[in-house]
Structures are given as structure tokens and as C-alpha cells.
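Everything on this sheet refers to the single structure shown next.
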Amino acid sequence: MDYKQTLNLPKTDFPMRGNLARREPERLKRWQAMGLYQKIRETFAGKPKFVLHDGPPYANGMIHIGHAVNKILKDFIVKAKALSGFDAPYVPGWDCHGLPIELMVEKKVGKAGVKVSPAEFRRACREYAQSQVELQRKDFVRLGGVADWEHPYLTMAPRFEADILRSFGKIVANGHLSRGAKPVYWCTDCGSALAEAEVEYENKRSPAIDVRFKAVDEQDFLSRCHHVPEHEGKGPVSVVIWTTTPWTLPANQAVALHPDLEYALVQCQTEHGPERLLIAEGLLKDVMDRYGIEDYRVIAYCRGKDLEGVRLQHPFYQRQVPVILGEHVTLEAGTGAVHTAPGHGQDDYVVGQQYGLPVENPVGSNGCFLPNTEYFAGEHVFNANDHVIEVLKEHGALIHEEVIEHSYPHCWRHKTPIIFRATPQWFISMDDKGLRQRALEEIQKVRWIPDWGQARIEAMVENRPDWCISRQRNWGVPIAVFVHKETGELHPKTVEIIEQVAKRMEEDGIDAWFELEPAEILGEEAEQYDKINDILDVWFDSGVTHECVLRRREELGFPADLYLEGSDQHRGWFQSSLLTSVAMNDRAPYQAVLTHGFTVDEKGYKMSKSRGNVVAPQKVMDRLGADVLRLWVSATDYRGEMAVSDEILKRTSDVYRRLRNTARYLLANMAGFDPAGHAVPHEKMLPLDQWAVDRAWLLQQEVIEAYEQYQFHQVYQKVHHFCAVDMGSFYLDVIKDRQYTCQTDSLARRSAQTAMYHIAEGLVRWLAPILSFTADEIWEFMPGERAESVFLTEWYQGLQSLPETSAMNREFWEQVMAVREAVSRELEKLRERGGIGSSLEAEVTLYCQPPLYDLLRRLEDELRFVLITSEARLLPLEQAVAGAESALELEGMKILVAPSGHEKCVRCWHRRADVGSNPQHPELCGRCVENVEGPGEVRRYA
RNA sequence: GGGCCUUUAGCUCAGACGGUUAGAGCGUACCCCUGAUAAGGGUAAGGUCGGUGGUUCGAGUCCACCAAGGCCCA
């Protein structure tokens, strides 16, 4: 007789292999067809809200793995929050304006205003951005995130553009706007500013000159130095600067020294007679060699900081300039003293801001000095170099001149050298209305994850200069203001005008401003005003999504519960959002900010094309599936760098298979199980099954806690450990016999099935945020009535804990497992000796002292099922025979294992003395006979 | 060059208050099973905690410096 038919073997259609690359896209279609996102919204309507606000990726190029990490982490949170009973909407967005898109479009259609009209150019930008959004959306959707992909926010939507402008208007109304000047790359041939990306570095020959700046008050100067005894010296005292751009000297406002560098005052003889020159000590020899001076002597020393504030005479203008301090001063070249013209250099500008130096710019847009520039009016700056040198000579200020070749920025278009030129710009002032102070206060109130994020953004906000928000570009939201032609003041009704323009922009987008006739708004006043054509920095666009998205979308709300981006956004979006929100709302736009690290390769190096270590998310999804990618994200502690490599993904796939197979085995054992009719009440379940549910109950607390703390790698570790150890290695292995051999509808079997059912209900939800595709697939195979998708449910409430007072409580099973391990070790030894193969071929005798003896006694004759041996005898330790091995790590126990001498029951594979005792069933053991045609075996414990 | 951060077995992670032979899972090796089978079970071997120097009776765990990486600046 084929007794196999009398067994309850596992059976399921749930595939063992995920086949994710093929199956995931099918499931995506189903989600889309059923309107999953909408269904989730409806299901959770009315629950407390949790708003995770999506930071917009820039709409340019294919998504890389960093994008994937970011979106997947967000999805974990949104899904876990739903399971915890929150209404957690997620509206994705894209950042659509800005220079990178302009540059891409320039390549295609040419420069705005040159080959195409600005209006056409903007149209082309809009089309390009839209195409990039589609490209990226496709990949984002593939990742499996639940989001309102049909209705994302785009910063280039007309309504959005209008709201950006309105946000700007609020900031103006609150008095944070200021106008100033700032040096930018400037091509005198283009007659316009260049972006950094439009600058190329090439070699150029330039004059390199050394110039004296005489001390106005020599006594003051000398009193700050440490003198070498008996060398007072004589002649004028000067600080010497070195520059390769003589033409910037008319705009000089200061001389910068490094605060901590050592400077030497040198007595020497020049064509002007005896004099004293200040040079950085570390460059002294080089400088003297350059000047050809052999006879010199140091007569005093000082640190740069000793001279702060000393007044110097400008070399040819009738004005004095201060000595200032800057960390940017180096000993790489020159004299260690840096001529500072804030209107003509980035460093100079920054340090000039700190000292409140004027940002003077005597150079016109064509590169010629303005008419009121003494000596040089009308001359082009590069031609003026010689003239400047002449004037310096006339004033006795030139010490040395030569010509050098060096790397110098050039216009990528004209290939001509460019200059730094201060131009009028708009700023959000950090201090005029206390924005910096208020922002710092708001930072305190936000929860930063990890907590060092707070120190990081604090330092940045403390030190940042005013935010320059204007750009002289085409693809962006206009700074829609009018400035009085003579006074330079904003129109008194600027705030109202902005709202009028915003209304027009709701219909026509940004073109509404560029095509606006000023008279339409200003009437007769139009004559007196200039219409500003600058656009806003794109960081402003994304920085006001709290206004344009959170406040505009009904399902969201201000402030957000969470912003979540890469750690680079402390300087970027977190800060731009904070500053605009404080400027507009006087509070931070978020309650909490979470940052993740960047992806690196297995050696910890950043990913780059040149290194060839780039891992493309598309490839991972095509080869291994989005769920494996998601599992990798969950497994990695995102607080530091996140390493990816083939091996790491391989390991991740291994874990995936383990999780999948655990779920599959649970499903396979629930074949024919209907929870409504077959579920066993908790108190009637066998103690071992109660224990298994208890493990799940405990784990669920930890899983929920880990999700709440955004510690996804803990979820990963714990759930995996549960599947591999608690379930695979112990519980599921032990209950096989009971599952397979007991009667189909017996309590023994239904009890285990009930446990597996509860465990599966828990497991499918723990996995859902991470293995979204797989969990939803498992969901479909689960028995019982249930919602359409796992994402429409909350945490499973059917798990119960095991009472501490139970005779077989947690501690009891812990001991049993320790015994089991000890027995396993002995069985392994026996196996190595060739004594047995399967553990069912063995019999084991345990010689124990109390309390272990009493503990194991409780299992009665079911101990053998826990040990998966054909016999398990329990005897007092005193009766231990020779050959019984002491159990390691277990007090008072000896173990004797031996091959069973009995026949193997063909049905349950146990070797029992009673095999064949029933002539009707000569191949069966006693309990199998009972299970096959009797009332069925009774199990009480395991 | 500066600010912030990371560095524990091949991989991913644990390691309050400094204190027994540094843990887990995976992977690996070997064995078993063939009624989870492109599955499942067992046993074992792998770290001295990036490096150096301190504090301490005692440090992966505190301090200093260095190294290799990362983000953001310059």
C-alpha cells in the first residue's frame, strides 16, 4: 500500500522561484489597474496623517542608484506608516527649471536670443524637462513605490510657477529681500554672465607684478611687530602684494594676510633707496631672488593677525585700504599678501563681505572701464594692464614685473579670457530681518536623524553668506519686480504687482512676465521703471515646495512630518526649504529630517564612470528584481555610506530566497486550512505552537519599533533571523512530523496550521514595506477572507504572547533548544562515524540532574519529536552508562546516542519497536496505524 | 586646507554604565536528507575590533594623533 497518500504533505502553487524580473512588471500593471494608490487613500481616509514630503529630483538624465535608494527608503516609511494606521500620502515631484536643462537645450536648439527667441527656447526647455520626467518616472515606478505617480508635482507647472513667485512675494513683503552686487564669471565678448559650466580653463600669458602698499602710520605698523633687537631700520614701510591681473587694482579695497602665517619685515635697498617690505616669511627667499636683492635683513616679525586693520595707501588712488585677514591666503605663489578687489574675485568677495568692504566694479559689460574711472576710462581691461603698470611706476609703487603663463578661465564659446565682474544681484538677507537667527532657533526644534545632522546644518546656516537668488538666465521663474530708473528702489507696490503677475502666470506660466508690457501693470509710471529680467535660483523653486505643494495639495499639509534626502541636502534642499519657510512662515517646514549616505562600491569608493564601479538600478532590477534591490536598501545602514557590489547583491539574493521559501513553506502547509473553520483557539493550541506564535508576537513588537525608528536594517536582520533560525532550524523542522503524519483534521495538525497561519499573517506584513512585490504575491496565496492587497491593511492583531506562568513558557523552550543543540552535536559525531544518516535513524538517552530532568520530563514521550529522533529516553544522571558524553555548556547532563535497532516505519520514518505489530499494516508503526485507520494520534505538547 | 561623518569576521549587522574565551545570520568547508528538492537539516573553521600612542588594575567601548574612505565647502 502506498501510505504516502495518507500523509498531509505541503502543497502550494506559490512558486519557489521569484522570477522577479518578469513577474514584478505584471504586478505593477495590476496595481495600476486596480488604482492601488487611490484605494490606499480611501482605506486610510480619516486616520491620523503622516506627511513625508518628497524632495524633487532634477529632471535630467536616467535615475542612478542614489535616486533608487532615496525613493525606496521613502517608500519603506510610507508603507510602514500605513501599516501602523496612518494616512500617509506620497506625492512625488520633479525640479524642472535651471541651468543643466538650459545647457542641454542649448546643445539642441542653440542659445536663447541668438539662434532662437527666448520664448521658443523656454518652450524647448519645457518639452525637454517633460521628456526627462517621463523617463525618470518609468524607472521610479518600476522600483515598486506606492505613490501618486499620475499626479506628481512639477515645478514648471504654470500654477506652480505662479506659487513660486507668490512665495517670493511673501519674502519681499517680510522685508528679507536686498539688492547688492556680486562678482560673476563674465565674458566681455558675450557681454553677459557665464555659468561655471560654461567656463573652460586654458593657459594664458599674463603680467605678474609686485606692488607696494605703503603703511599710512608707520609707528602703528611697527608697534604691532616683534623687533629684532638693534635693527630699527629705515625708509618707508610697505606691504607687498603680487597679482597677475593688474587691471583689478583700480577696484582694490584691501590687502589680505593669513591670520596665522608668519610675516617678516625686511630691510633692503631698492631703486628708491632704503625701505622696509613686509613679506610672508615662507616666501621671503623666493621673493628676494625674484627681485634680485641679495643684501637684505629681517628686522621684525609678526603674525598676519597682528596687522589686522592697519591702514595702507592705495598705490595710485587717493584712498586708504585696510589690512584684512583671510584663510584663503596661501604660500603657493606671490608674497603672502593678497590684493583684494571684492568686485573682481570670488574669494575677495567673500572675505570682503566679512569686512563690509564695498563691492566696487569700475568695469562695464563690454570689458571697458567706466567713464568715471581715473586714468583708465574707456580702456579694455586686458589692454589696460600695461597702462596700470605705467601708472604704478609713476607713483613709485611697482617693485617688480614679469610675464607668466598660467591656467586661466576662458569663455567656452569665444575661447577668450573672461573676467570676474561684480553685477547687481538680488539677495535674501540672512541678517537684515534676523533670518539667520530665527532659522537657527527653528533648527533646534527639528528632529534630525542621525542627530549629527543638526550640528551640520547649524554650522552651515551660521556661516553662510546672504543667499544670492538672482540668475541672468532664461529657464526659470522671473523675479517679477520693477526698479525705479533713478533711485534704484523697488516699486512701492511690488507685493501687489507680484500677485497680479502671479495671476497671469497661472495661465501662461513664466512667459506671462517675459512677454509683459510694463504699461499693462504700471500704466503711465512704466516710463520711470526698469523691468527686471533676472530669474530665481532653482534652489528657490525647490525651496518653496512647502508652499507650492504642502499647502496646495489637500491631502498633504504644512509642516511636513518628514523630509528625507541624501546628506548633501543639508546644504541644499533642507537649507533652502528652511530659509524660505522661516522667511515666509517663521517656522521650519518639517518636524523631522532624515538623511542617508551615498552609495559607494565594496571598497568604499564613490561610484564614477571613470572607476567603472557604477551599479545601475535598472540592471539590478532586470537581473535580480526590484525586491532584491529593495532588500539591499533595507539591509544597509543608511546613516553611513551604502556599499553595493555584486557580492553584496548576491548575498542579498540569498536572503531573499530564504525569506521567500519560508513564506512558501508556511503557505504550503496551510493547504486546505480555512482560518474561519479550522483555526484553533489560542489556549487550545499545543504549547510548541503557542511558543511559535509567541516568537512572532515578540518579533512583531521589535519590527514595529524598528520601523518607527526608521531602522530598516534591524527589520531585515530580525525577520531574517526569525525565518532562518526560529522557524527553519527549529519550529518548522520539528512540526514536519506532526503536520505530515497526523490526521488531516486533528487538533495536532490544526494547531500547527493555526500557528503557521498567524505567523504568516504577521510575516507578510513585516515584509510588505520592503519586499513589496513578494509580500503582495504571498498575500494572494493566504487563506481566508482578505483585502485586495496587503497595502490595504494594518499590523496583524492575531498574535498572542505566551504567558510566563505557563508550564512550557519561553524559558522552558529555551532550555529545550539548548538540549537539542547538545544532542545535535552528538548526533553529528555519530553520523561522522557512519552510524546514522538522518537523525531519525538514531535513539538518544539523556541522563539529567534536576532541574533539567524535571523540565524535560514535562514533554513525556514527545521529547523525541522535538529532538527529531526515533526514541528519546530520559534518565537520572546517576544512571549514566559509560560512553554517555557530557553535554557542553549544559550543567548536569550526559547524552548517549546510538543507531536504532528497530524497523523503519514506511509512513513516518521513525524506527519503532511496534512496526509490524498490526498484521493489517506490516510496514507501519503503532501510531501510524492509529492515524491511518484509528481515531488518530493525540499530541499534547509538540 | 576646513566642517561633519564612516571604519568590528569574506558579506550584512549587534556589541548600555570601559570588566569573564568580541556575538548573530548569511556565505564557505564538510556531513546528512531526498515527504519545503534549482529546497531543507547538522557540524566546523573564520575577527583582537583601520593604525599608533595614551588614560586605566582592565578598552572594540574614553582621549590624542595618524591612515583610508564619504558628504559639503575652500
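Bear in mind the structure is a predicted one, so any value in this text is a computation, not a measurement. Lettering of chains follows the sequences in order, A, B, ..., and the numbering in each one begins at 1.
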[atom1] spacing across the pair [N] / [M], given as an integer number of angstrom:
N      : M      : atom1 : value
B/rC49 : B/rG10 : P     : 13 Å
B/rG58 : B/rG18 : C1'   : 8 Å
B/rU6  : B/rG15 : P     : 14 Å
B/rG46 : B/rU28 : C1'   : 9 Å
B/rG70 : B/rA64 : P     : 24 Å
B/rG50 : B/rA9  : C1'   : 14 Å

At less than 4.0 Å, is any side-chain N or O atom of [X] found next to OP1 or OP2 of [N]? Yes or no.
X        : N      : answer
A/Gln714 : B/rC13 : no
A/Arg664 : B/rU37 : yes
A/His570 : B/rC73 : no
A/Arg658 : B/rG41 : yes
A/Ser729 : B/rG42 : yes
A/Tyr605 : B/rG69 : yes

Task: Side chain A/Gln717 and base B/rU12 donor-acceptor under 3.5 Å - done: yes
TODO: May I ask you to verify whether the side chain of A/Arg17 and the base of B/rA38 hold a donor-acceptor pair under 3.5 Å?
DONE: yes
- [ ] Indicate whether A/Phe598 forms a stack on B/rG70; treat it as stacked only if centroid distance is below 5.5 angstrom and interplanar angle below 30 degrees.
- [x] no
TODO: Would you classify A/Lys606 as touching base, sugar-phosphate or nothing, given that sugar-phosphate means primed atoms plus P, OP1 and OP2, and contacts are heavy atoms under 4.0 Å?
DONE: sugar-phosphate
TODO: Specify the closest pair of heavy atoms between A/Tyr349 and A/Pro342, including all atoms of both residues, with the distance to one decimal.
DONE: CB-O, 3.5 Å
Task: Contact summary for A/Cys723 and A/Met727, nearest pair of heavy atoms - done: O-CB, 3.5 Å
Open item on the list: If the glycosidic angle sits within 90 degrees of zero it is syn, else anti. Tell me which applies to B/rG46.
Closed with: syn
TODO: By nearest nucleotide on RNA chain B, pick out whichever of A/Tyr716 and A/Glu821 is the more 5' one.
DONE: A/Tyr716
Task: Residue closer to the 5' end of RNA chain B, A/Arg657 versus A/Leu732 (nearest nucleotide) - done: A/Leu732
- [ ] Could you tell me which nucleotide pairs with B/rG35 by Watson-Crick or G-U wobble geometry, both distances under 3.5 Å, or answer none if nothing does?
- [x] none
- [ ] Please give the nucleotide sitting opposite B/rU28 as a Watson-Crick or G-U wobble pair, both distances under 3.5 Å, or none.
- [x] B/rA44
Task: Charged tip of A/Arg939 within 45° of A/Phe865 ring normal and under 6.0 Å - done: yes
Open item on the list: Under a plain distance cut-off of 3.5 Å, with no hydrogens placed, do A/Glu458 and A/Gln444 share a side-chain donor-acceptor pair?
Closed with: yes
Open item on the list: Testing A/Leu594, A/Ile72, A/Asn70, A/Leu564 one by one against A/Tyr638 for a side-chain contact (heavy atoms from CB on, under 4.5 Å), which residue passes?
Closed with: A/Leu594
